[in-house]
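Please read the structure below before turning to the comments.
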4 protein chains.
Amino acid sequence: MDGFKRRRELKKSHILQAALTLFMDFGVQKVSIKEIATKANVSQVTIYNYFESKNNLVHEVIKHYISETWWEFESLFDNDLPFPEKIKKLIFAKTETAQHINSNFYNVIMKEYSAGISYIEELYQKKAIPKMMELFEEGKREGYVDPDLSNESILMYFHIFKEAMQREDIYNKILPMTEDIMKILFYGIIGKGDHPN
Amino acid sequence: MDGFKRRRELKKSHILQAALTLFMDFGVQKVSIKEIATKANVSQVTIYNYFESKNNLVHEVIKHYISETWWEFESLFDNDLPFPEKIKKLIFAKTETAQHINSNFYNVIMKEYSAGISYIEELYQKKAIPKMMELFEEGKREGYVDPDLSNESILMYFHIFKEAMQREDIYNKILPMTEDIMKILFYGIIGKGDHPN
Amino acid sequence: MDGFKRRRELKKSHILQAALTLFMDFGVQKVSIKEIATKANVSQVTIYNYFESKNNLVHEVIKHYISETWWEFESLFDNDLPFPEKIKKLIFAKTETAQHINSNFYNVIMKEYSAGISYIEELYQKKAIPKMMELFEEGKREGYVDPDLSNESILMYFHIFKEAMQREDIYNKILPMTEDIMKILFYGIIGKGDHPN
Amino acid sequence: MDGFKRRRELKKSHILQAALTLFMDFGVQKVSIKEIATKANVSQVTIYNYFESKNNLVHEVIKHYISETWWEFESLFDNDLPFPEKIKKLIFAKTETAQHINSNFYNVIMKEYSAGISYIEELYQKKAIPKMMELFEEGKREGYVDPDLSNESILMYFHIFKEAMQREDIYNKILPMTEDIMKILFYGIIGKGDHPN
DNA sequence: AATGAATGAGGGTTCATTCAT
DNA sequence: GATGAATGAACCCTCATTCAT
């Protein structure tokens with residue numbers, strides 16, 4: 001990549017980062033192109049030159065965000081922790097990028113996702129889900145996961161949790177309860193003791 | 001209440017209902033006062049006469065919505081079902097009002113809530129939470145809930161689920177997995193069988 | 001029509017007139033909503049309240065213009081002048097409305113017309129053309145028009161002239177040549193004298 | 001002309017051609033410098049380097065267009081057809097360049113012309129008009145044109161026609177009526193028969 | 001009390017043009 | 001000499017809100 005292209009990419013990256021920060025703080029709709037331009041120290045038109053429209057900028061920001069997030073997610077698996085610790089980390093690890101995400105921005109991402117935007121879909125289907133499935137299988141092998149449960153159910157279950165953790169308010173409330181929550185997760189609300197039936 | 005006041009209340013109610021419907025479908029930001037006025041068959045100014053500002057209207061709509069939702073929530077407890085059935089109903093019952101709620105509107109409500117808006121806070125603290133706590137105690141007495149778990153943790157746990165269920169996409173995906181999800185909820189991912197430790 | 005409606009119509013008419021004047025002078029594209037608003041002494045938004053979009057305003061201005069023009073056109077027939085005088089008047093009469101029309105505006109009107117916009121089309125097909133045809137028939141009866149010529153051809157022929165007359169530059173150049181032009185129109189370039197073949 | 005200059009002229013010509021095509025299709029106002037640059041495979045700035053401003057580019061394009069058109073016009077006279085055939089050809093010949101010209105572009109040219117832009121004016125005054133005058137004189141000599149008519153009047157008359165023919169809609173409507181139109185042109189609407197007075 | 005009319009502020013977007021390499 | 005990058009100004013349009021009747 002020559003100097004021209006590199007500088008272009010750098011500036012694009014600046015704009016993306018500025019937009020990402022603003023979107024995460026205030027949501028997509030509340031942030032105007034003007035604000036992004038100001039924060040990125042460029043003119044509005046420059047943004048249009050690079051991204052063509054606000055909609056497109058939003059797409060690119062999401063891609064940017066998703067791929068950054070992805071690396072952090074993937075790194076969670078790069079260790080030899082025992083299964084329960086992996087799970088704990090997976091749910092409670094505060095990823096650098098993902099925290100403090102404005103709910104509007106979050107919803108926009110979800111809308112993209114459920115609209116089947118290929119980039120996210122592919123990353124999720126081809127990489128994230130298989131990684132999780134593999135983890136569940138490991139848990140089943142080691143006796144930590146009931147082999148009768150379908151991986152899909154467990155995935156949904158985790159998904160719901162992981163998502164809730166992204167919300168700052170919930171995260172803060174739940175942090176002091178980590179142990180209890182982990183217990184419920186593993187042993188259910190009944191606990192490991194004797195069961196009524 | 002004399003005729004004047006009654007008509008006034010009726011009109012207010014019309015406006016609230018119109019606004020609620022639109023907010024639930026499209027979110028708060030995407031709905032303009034003009035649209036609400038049109039749907040409610042009044043002029044924009046009438047809305048201002050009654051509600052002073054859009055922000056205030058939103059507050060009132062949320063109050064309206066929360067109280068409607070509350071009756072449905074309360075009614076979930078009016079039965080003699082065994083504990084597990086109550087839980088299932090609690091999580092999976094599609095309340096009439098709450099379903100299909102636009103995520104933007106949902107977030108606005110949540111923001112109100114976490115901002116400590118008194119009305120919601122009070123309803124939640126003084127009515128909803130005690131009702132839930134009572135339920136958990138019942139579960140503990142009957143051996144369905146581990147007595148070592150704090151009620152607060154269980155509450156959070158349920159909260160996360162109940163909230164996820166409000167989202168149409170998640171609800172639809174999870175419905176076919178009801179049994180698995182309930183199993184995880186009660187027995188954890190380990191299941192009721194022998195435990196590794 | 002009550003006072004409200006009357007005032008509304010009056011204001012609408014103001015805006016239409018302002019827009020018409022500007023369009024005729026500078027063309028549609030060169031005139032901004034802001035300019036129209038300033039000239040009509042209203043805010044831009046008022047124009048949008050009345051006309052919804054610039055496109056729509058243009059439509060309405062054209063309708064307004066066409067109907068005004070129509071009365072003047074129709075009045076040209078309300079007389080007992082001999083056929084040749086009628087023709088002369090028809091071609092050279094400077095209608096109050098039609099003169100000084102900016103060519104861009106003219107083209108926009110023509111585009112509307114050829115797009116088959118119903119209002120203009122109908123006026124033209126059902127009223128203007130029959131009126132002209134009738135005139136040609138009169139001319140044929142009185143020996144002023146060759147009965148072998150199709151009315152359609154004559155219509156086209158006149159149409160071309162009448163249109164050219166609308167253009168200020170042409171009109172001014174042609175005015176001193178009125179007699180010659182009329183002669184050509186009636187007797188052709190060959191003139192009434194003996195013909196070569 | 002050395003290689004540098006030749007390449008420069010080639011590029012200029014490319015740009016002119018690209019601009020001309022676009023102007024003829026969409027009009028001057030609707031075509032942006034960016035589009036021209038893209039079509040000509042140069043950068044926007046190159047256009048500015050060569051033509052200084054859009055206005056100036058438009059001038060140059062018109063000059064380019066006029067001179068191309070001129071050759072075609074001139075060639076119409078290079079034959080030994082009898083007078084009536086020459087006239088017919090003159091009016092109905094669809095020149096290669098001139099056809100399908102967007103009306104906006106046409107008007108811009110006309111504005112240039114009536115503004116007395118020297119290049120066009122000169123070509124017109126010194127070349128086109130004399131050529132036409134010569135033709136009329138020929139017609140007069142051969143008895144096809146009434147010697148009492150001033151050449152200026154006939155010129156205007158033809159001008160109006162020729163112009164109308166440039167418009168696609170009119171051209172298409174008039175083509176099937178060629179014979180009638182030619183008859184009117186030569187013998188007037190009265191025709192060659194006996195005259196009423 | 002209710003409403004039609006009106007608006008200032010701001011949003012996304014486009015364009016002709018200039019800067020800087 | 002040629003270009004990618006950048007921009008101020010303007011445009012159409014929307015919205016929450018106020019005015020005037």
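The structure presented is a predicted model; accordingly, all values stated were derived computationally and were not measured. Letters go in sequence order (proteins before strands), and every chain restarts at 1.
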Ignoring backbone atoms, establish whether Y50(A) has a side-chain N or O less than 4.0 Å from OP1 or OP2 of dG4(F).
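Negative; the distance criterion is not met.
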Short side-chain N/O contact from R8(A) to OP1 or OP2 of dA5(F), under 4.0 Å:
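Result: yes.
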Value in whole Å for how far the [atom2] atom of [N] lies from [atom1] of [X]:
X      : N       : atom1 : atom2 : answer
F51(A) : dG12(E) : CZ    : P     : 15 Å
I36(B) : dA16(F) : CD1   : C1'   : 11 Å
E9(D)  : dG1(F)  : CD    : C1'   : 15 Å
K12(C) : dA6(E)  : NZ    : P     : 12 Å
L10(C) : dG4(E)  : CG    : P     : 19 Å
N56(A) : dG12(E) : CG    : P     : 15 Å
I47(D) : dT18(E) : CD1   : C1'   : 15 Å

Check whether any side-chain N or O of [X] sits under 3.5 Å from a backbone N or O of [Y] as a donor-acceptor pair, and report yes or no.
X      : Y      : answer
S13(D) : E9(D)  : no
T46(A) : V42(A) : no
T38(C) : K34(C) : yes

Tell me the closest heavy-atom pair linking V31(A) and K54(A), and the distance in Å.
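Scanning both residues completely, I find the closest heavy atoms to be O-NZ, 2.7 Å.
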For the residue pair K39(D) and A18(D), what are the closest heavy atoms and their distance?
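For K39(D) versus A18(D), the nearest heavy atoms are CD-O, 3.9 Å.
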Scan side-chain atoms only and decide if H64(A) and E68(A) contain a donor-acceptor pair under the 3.5 Å cut-off.
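Yes, because at least one side-chain N or O of H64(A) sits under 3.5 Å from a partner of the opposite role on E68(A).
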Please encode protein proximity along nucleotides 7-13 of chain F as a string of B, S and -, counting only heavy-atom distances under 4.0 Å.
BB--SSB
What distance separates I47(B) CD1 from K12(B) NZ, expressed to the nearest 0.5 Å?
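Taking CD1 in I47(B) and NZ in K12(B), the distance rounds to 12.5 Å.
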Sequence neighbours left out, what pairs pass ring pair (Phe, Tyr, Trp, His ring centres under 6.0 Å) with at least one residue falling in residues 16-45 of chain B?
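Qualifying pairs: F23(B)-F105(B).
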Checking L57(A) against L16(A) for the side-chain contact (heavy atoms from CB on, under 4.5 Å) test, could you report, in this order, the C-alpha distance in whole Å, the side-chain angles of both residues, the deciding distance, and whether it holds?
CA-CA 8 Å; L57(A) 172 60; L16(A) 281 173; 4.3 Å; yes
Any chance you could encode DNA chain F as dot-bracket? Rule is Watson-Crick or G-U wobble with both distances under 3.5 Å; [ ] for pairs crossing earlier ones, | for another strand.
.||||||||||||||||||||
